[in-house]
Amino acid sequence: MNDRSSHRPILMFDSGVGGLTVLREARVLMPDRRFVYVADDAAFPYGAWEEPALKRHILELFAKLLDRFTPAISVIACNTASTLVIDALRDRFPGHPFVGMVPAIKPAAERTRSGLVSVLATPGTVKRQYTRDLISKWASKCHVRLVGSDRLAPLAEIYMRDGFVDEEAVRAEIAPCFVERDELRTDIVVLACTHYPFLANRMRKTAPWPVDWLDPAEAIARRAVSLLADIDPNGRGEVLPEGADLAVFTSNRTDFPTRRLLQGFGLAMS
Ligand code: DGL
């Protein structure tokens, strides 16, 4: 493999198919790049793991992934993982650039007019100290409601493979995001799990009133572009090496709905 980082892939990482919402934005901004999409689906859902065990697990997995793919950068397209392990990954692999993905609390606090913001995430992300620190740092003037859901990420997995969504379940999961106080209403819901943008239409449909559903995927893809420009300023626009982008599923699953989904995203199973 050529040493130039322009010839090395970008590794996009999630516990399941959620990171595909970030991959699609990254592809638009970096059509000249190769990607390896890694779904740690053997360990899905991350939202249910205890913190020390999940941290150990991700660090061990990354040692193997970096060795196998020598990516130019890695994007942790998973809030549940990033809020736990992004600092530990940077410490453990100091030569390797990581882009993390944490709840978009700062932009939500800047945009809200009512001052009522909700953060919809996995139970793991909701209980992280990292998330609490983001709120005290950027949103101390807002009323932020943290809403943990253990059903939405699995619902998005089913939807992306089988095309079916339990709308009543979506309605019930998002309902706690909607707060009314002193004649003001929640006006922004932060989608703080990369699976959720796949359900955004159903969320809009079942919401009690319209809100801005804040998905930071494009901002994360932009961050990856600028990080790559820093590490390899002359690397853009080079001819691509042959071959499709790859998908790695840690469970090695090869069922038809998964293969069809990956094909739709232009990914070949490794
Ligand atoms: N997609 C992941 C995130 O952004 C979470 C899904 C899971 O629970 O594993 O938080």
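Read the numbers this way: they start at 1 and go in the same order the structure lists the ligands and their atoms. Note that the structure is predicted; figures quoted are calculated from it, not measured.
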Under 3.5 Å, which donor-acceptor pairs link side chains of residues 85-104 to any protein atom two or more places apart or in another chain?
unit_1	atom_1	unit_2	atom_2	d
Arg90	NH2	Phe98	O	2.9
His96	NE2	Ser74	N	3.3
His96	NE2	Ser74	OG	2.7

Ignoring hydrogens and angles, write down the donor-acceptor pairs under 3.5 Å from the side chains of residues 187-194, residues two or more places apart or on other chains.
unit_1	atom_1	unit_2	atom_2	d
Asp187	OD1	Thr112	OG1	2.7
Asp187	OD1	Ser114	OG	3.3
Asp187	OD2	Thr112	OG1	3.4
Asp187	OD2	Arg113	N	2.7
Asp187	OD2	Ser114	N	3.1
Thr194	OG1	Ala77	O	2.9

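Residues Tyr37 and Phe198 are members of one and the same hydrophobic cluster, defined by side-chain heavy-atom contacts under 4.5 angstrom among Ile, Leu, Val, Met, Phe, Trp and Tyr.
Using a distance-only test at 3.5 Å, with no hydrogens or angles considered, no donor-acceptor pair links the side chain of Asp14 to the main chain of Val38. Listed for the Arg223 side chain is no donor-acceptor partner under 3.5 Å among the backbone atoms of Glu218.
By the salt bridge (charged side-chain N to carboxylate O under 4.0 Å, His left out) test, Asp255 is found to be paired with Arg253, residues two or more places apart in sequence or in another chain being considered.
Sorted by chain and number, the heavy-atom contacts of ligand 1 below 4.0 Å come from Asp14, Ser15, Phe44, Pro45, Tyr46, Gly47, Cys78, Asn79, Thr80, Thr122, Ala153, Cys193, Thr194, His195.
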